[in-house]
Amino acid sequence: MGFEIEQPCVELSKVAVSETHGEDSPYFAGWKAYDENPYDELTNSSGVIQMGLAENQVSFDLLEKYLEENSEASTWGKGAPGFRENALFQDYHGLKTFRTAMASFMEQIRGGRAKFFPDRVVLTAGATAANELLTFILANPGDALLVPTPYYPGFDRDLRWRTGVNIVPIHCDSSNNFQITPQALEAAYQAAEAKNTKVRAVLITNPSNPLGATIQRSVLENLLDFVTRKNIHLVSDEIYSGSVFSSSEFVSVAEILEARNYKNAERVHIVYSLSKDLGLPGFRVGTIYSYNDKVVTTARRMSSFTLISSQTQHLLASMLSDKKFTENYIETNRERLRKRYNMIIEGLKSVGIECLKGNAGLFCWMNMSPLLEKKTREGELELWNAIVHEVRLNISPGSSCHCSEPGWFRVCFANMSEETLEVALERIRSFMERIKKE
Amino acid sequence: MRLLSTKATCNSHGQDSSYFLGWQEYEKNPYDEVHNPKGIIQMGLAENQLSFDLLESWLEKNPDVAGFKRDGKSIFRELGLFQDYHGLPSFKKALVDFMAEIRGNKVTFDPNHIVLTAGATSANETLMFCLAEQGEAFLLPTPYYPGFDRDLKWRTGAEIVPIQCRSSNNFQITEPALREAYEEARKRNLRVKGVLVTNPSNPLGTTMSRSELNLLVDFIKEKNNMHLISDEIYSGTVFSSPGFVSVMEILKERNDVADEVWDRVHVVYSLSKDLGLPGFRVGAIYSENDTVVAAATKMSSFGLVSSQTQYLLSAMLGDKKFRRNYTAENQRRLKRRHRMLVSGLQKAGISCLESNAGLFCWVDMRHLLHSNTFEAEMELWKKIVYKVGLNISPGSSCHCTEPGWFRVCFANMSEDTLGLAMKRFKAFVAESTCTQRTSPLFSNKRKSLTKWVFRLSSRDHHREQEER
């Protein structure tokens with residue numbers, strides 16, 4: 001959705017006119033192509049299929065069933081007796097029942113391997129707000145956060161735009177499945193120091209977007225040691241924690257802290273949201289879970305700028321306190337995502353395209369580097385252009401995620417029907433056959 | 001404790017101010033008709049609780065809407081996925097229609113120029129981020145809403161410089177005051193980026209006059225690169241003459257259609273006061289400036305309105321009959337309550353600033369101060385909170401230049417509770433007057449009261465900062 005920003009006649013702030021919101025990047029051309037010609041099974045079967053949107057549409061029926069059976073969650077009951085209390089409730093502590101339900105949901109996702117206290121849960125309007133808020137709290141303008149590449153493109157806006165904070169990349173590559181190495185960590189830290197930039201935190205996404213893979217326990221242990229040594233913070237964005245295909249494969253930093261008896265825990269903060277696991281990005285439900293009392297207090301106060309609608313808190317408090325519902329949801333959702341993942345992996349494999357071995361998320365990390373004419377960013381963008389306009393699939397090029405190796409692409413699989421996924425795979429098949437001939 | 005940012009460790013969140021301390025006292029000992037009849041009555045909360053029955057009856061007549069249904073079909077999936085920062089078109093249309101009606105349809109708003117945010121708190125901060133930064137300031141007429149100190153300054157780094165208003169002309173903005181504020185900013189090496197007013201005013205409860213509004217537009221026209229933000233969050237609560245005049249109406253009247261000043265005037269709105277829905281987090285920025293709209297829209301990603309709530313309100317506010325009836329009835333009820341408070345205070349020998357809007361009165365208790373100082377105001381305030389059992393807001397928390405003024409809310413409680421509050425006021429004033437007359441005992445009694453009050457003040461500093 002790119003558009004021109006006029007030159008302002010009257011002066012606005014530097015933040016307002018800066019490009020750090022990132023929306024003028026070339027990658028929005030893919031969105032544009034989709035918006036102008038969106039695929040529809042019946043009415044536009046040759047349109048562009050959206051595979052650049054990390055949405056979870058595979059489990060709505062479970063939510064809809066819950067709502068049907070529990071209408072008071074959305075309607076406050078007959079004669080709306082709870083309505084006025086709910087409508088007035090703007091306490092930034094959030095609805096206690098909702099905070100408690102969130103904490104328990106987070107515990108369930110981690111198979112009970114970590115405990116979450118409701119009083120440490122801070123509510124924000126989405127993880128977008130949570131990440132920005134934490135950045136305001138942990139860093140001053142001009143400071144830096146270390147973020148492993150490839151990373152979610154939105155971070156460039158969320159962590160940097162209004163905060164004035166910098167991102168220094170921790171370069172990861174395919175030689176070890178893009179895992180964070182101690183050398184890469186140290187190199188990033190040194191790179192920041194060399195620019196006279198104060199490093200305030202390491203921010204990881206676990207499971208990773210765009211890799212679609214969980215971070216190994218040993219890497220997390222090493223990260224904790226690193227941030228302790230350097231006396232900085234660790235932010236773990238666990239927004240995809242519920243979409244790990246097999247529960248036992250996900251290790252949250254929370255588990256490691258518990259195993260260490262919470263030593264040095266006050267430098268660790270976890271971000272979560274219901275946008276991916278529950279497929280409800282429209283409801284704007286994010287949280288910060290911090291082991292640091294001062295951060296919890298400050299984050300609560302700052303959350304005044306980004307509170308969750310009490311109407312929505314009420315609905316979700318009901319839904320997430322229903323343990324039978326949540327257990328079934330988590331298990332079923334995982335299973336369906338795993339099935340989708342296998343479908344796309346097999347489909348790609350059958351035409352000779354390899355993906356990173358993934359175990360989570362709503363996307364796979366596809367390796368098309370063998371197809372590149374030039375193993376450069378330009379080469380990648382050329383291939384991407386062909387895929388968007390000829391194959392008509394909007395996928396995300398690795399360069400938009402700051403990947404240091406050209407040729408990797410993020411391909412989403414959970415935001416469409418199985419039939420549409422088949423169509424997409426078929427189009428890739430034809431494309432690969434054409435290439436082989438040439 | 002790990003190192004945090006300057007923003008995290010500074011005091012700009014404002015929660016150590018007296019405004020919040022009164023809150024804490026109330027929470028420790030809240031009035032309840034049955035369970036705690038001697039408790040503190042909350043009169044510091046500008047909430048509108050008078051018209052919920054109207055909303056509830058609409059919900060009962062339209063059960064499908066809250067149940068995510070449209071024309072009998074479930075749109076839960078669609079809403080659950082909808083996170084477009086341009087907002088739900090049907091909601092924006094209903095909102096601008098509502099806003100136009102509040103202004104007697106003398107102005108219209110283009111839904112494409114509305115930016116939705118999670119409350120006016122978010123809207124004001126977002127506008128600040130767009131218009132000002134460190135080293136720059138906005139001028140605000142005093143007294144003003146205490147929350148502005150946090151909302152406009154905390155994370156943006158911008159400054160507020162007060163335009164001092166005085167009771168001698170009912171706290172209206174004058175040209176000399178405006179210029180003085182501008183000079184003050186310059187002396188502090190701050191670049192003035194604009195003026196922000198709340199119209200109708202919080203805490204005054206008055207609508208701004210045409211001449212004040214024209215003065216402001218003249219002022220920003222004279223100084224290039226200055227903006228005018230008009231927070232019209234209370235626009236729907238105007239219950240008597242002279243009626244509400246929006247800055248947008250003024251611009252239209254001036255026939256400056258092609259004038260670039262349109263690019264520098266921005267309106268903030270919210271449903272927290274008019275509809276009494278602060279929990280739903282519905283705020284909006286309106287601007288004719290495309291660049292501001294574009295930037296603010298992107299920034300709204302950090303505080304979007306829940307799609308569930310947008311849908312509910314698109315149906316409610318889209319119901320023309322409902323919204324007209326609601327607005328009229330709500331204003332009627334506010335007028336009645338206002339009269340009740342004003343006459344109740346009058347019986348206690350206390351007068352209020354003449355007002356025609358809002359959920360509160362600006363009460364003149366200067367004659368109850370033992371000296372014309374803010375210390376005396378604080379003493380009086382503490383007496384009223386602890387002894388009389390009424391949490392009201394002292395003028396100093398609103399940056400008022402004159403001691404002795406208090407904001408007293410009237411729409412967040414039942415009529416009975418308001419009646420009780422009036423009785424307590426009357427008793428308190430009678431007692432104070434009595435005390436004053438018996439002069440030999442007076443000075444001793446005053447000394448012990450003063451000691452008691454000072455003991456309370458020292459307790460404040462050591463008390464745990466509780467959350468609001």
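Labels below follow one simple rule: chain letters A, B, ... track the order of the sequence lines, proteins then strands, and each chain is numbered from 1. Remember, it's a predicted structure, so these values are computed and weren't measured experimentally.
- Taken to the nearest 0.5 Å, the CG atom of A:Leu224 stands 11.5 Å off from the CZ atom of A:Arg229.
- Counting heavy-atom pairs closer than 4.5 Å to chain A, the top residue among B:Ser306, B:Ser307, B:Gly303 is B:Ser306.
- Ranked by heavy-atom pairs under 4.5 Å with chain A, the first of B:Ser57, B:Ser272, B:Ser122, B:Cys130 is B:Cys130.
- With a 4.5 angstrom heavy-atom cutoff, B:Val282 does not touch chain A via any of its atoms.
- For a residue to count as touching a neighbouring chain, one of its non-hydrogen atoms must lie under 4.5 Å from one of that chain's; by this rule A:Glu68 does not touch chain B.
- Applying the salt bridge (Lys or Arg N to Asp or Glu O under 4.0 Å) definition to pairs two or more places apart or across chains, those involving residues 123-132 of chain A are A:Glu132-A:Arg162.
- Contacts between A:Ser71 and chain B at a heavy-atom distance below 4.5 Å are absent for every atom of the residue.
- Contacts of B:Glu125 with chain A are made by side-chain atoms alone, with heavy-atom separations under 4.5 Å and no backbone atom involved.
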Would B:Arg70 and B:Glu78 count as a salt bridge (charged side-chain N to carboxylate O under 4.0 Å, His left out) here? Give the steps. CA-CA 11 Å; B:Arg70 182 173 59 206; B:Glu78 196 183 308; 3.3 Å; yes
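- Among the candidates A:Thr124, A:Ile308, A:Leu315, A:Val295, the residue making the largest number of heavy-atom pairs closer than 4.5 Å to chain B is A:Leu315.
- Looking at A:Leu138, the atoms closer than 4.5 Å to chain B (heavy atoms on both sides) sit in the backbone and in the side chain alike.
- Evaluation of the side-chain contact (heavy atoms from CB on, under 4.5 Å) rule for A:Lys96 yields A:Arg99, A:Thr100, A:Asp119 as partners, not counting sequence neighbours.
- The contact between A:Arg157 and chain B is made by backbone and side chain atoms together, counting heavy-atom distances below 4.5 Å.
- Between A:Tyr291 and A:Tyr262, the two ring planes are tilted [angle within 30° to 60°].
- At a 4.5 Å heavy-atom cutoff, A:Asn415 makes no contact with chain B through either its backbone or its side chain.
- Note that A:Arg84 lies outside the cation-pi zone of A:Phe89, set by a 6.0 Å cut-off to the ring centre and a 45° limit from the axis.
- Heavy-atom pairs under 4.5 Å with chain B were tallied for A:Ala201, A:Ser13, A:Ala125, A:Ser310; the largest tally goes to A:Ser13.
- Ring planes of A:Trp161 and B:Phe302: tilted class, angle from 30 to 60°.
- The candidate from A:Asp143, A:Ile137, A:Thr163, A:Asn86 with the greatest count of non-hydrogen atom pairs under 4.5 Å with chain B is A:Ile137.
- Taking CG from B:Leu81 and CG from A:Asn56, the interatomic distance works out to 9.0 Å, rounded to the nearest 0.5 Å.
- Taking chain A as the reference chain and counting heavy-atom pairs below 4.5 Å, the highest number among B:Glu47, B:Lys193, B:Arg155 is found for B:Arg155.
- Using cut-offs of 30° and 60° on the angle between ring planes, the pair B:Phe68 and A:Phe283 is parallel.
- Both the backbone and the side chain of B:Thr121 have a heavy atom closer than 4.5 Å to some heavy atom of chain A.
- Rounding to the nearest 0.5 angstrom, the gap separating the NZ atom in A:Lys65 from the CG atom in A:Asn70 is 9.5 Å.
- Contacts of B:Leu312 with chain A are made by side-chain atoms alone, with heavy-atom separations under 4.5 Å and no backbone atom involved.
- Both the backbone and the side chain of A:Gln311 come within contact range of chain B, with heavy atoms under 4.5 Å apart.
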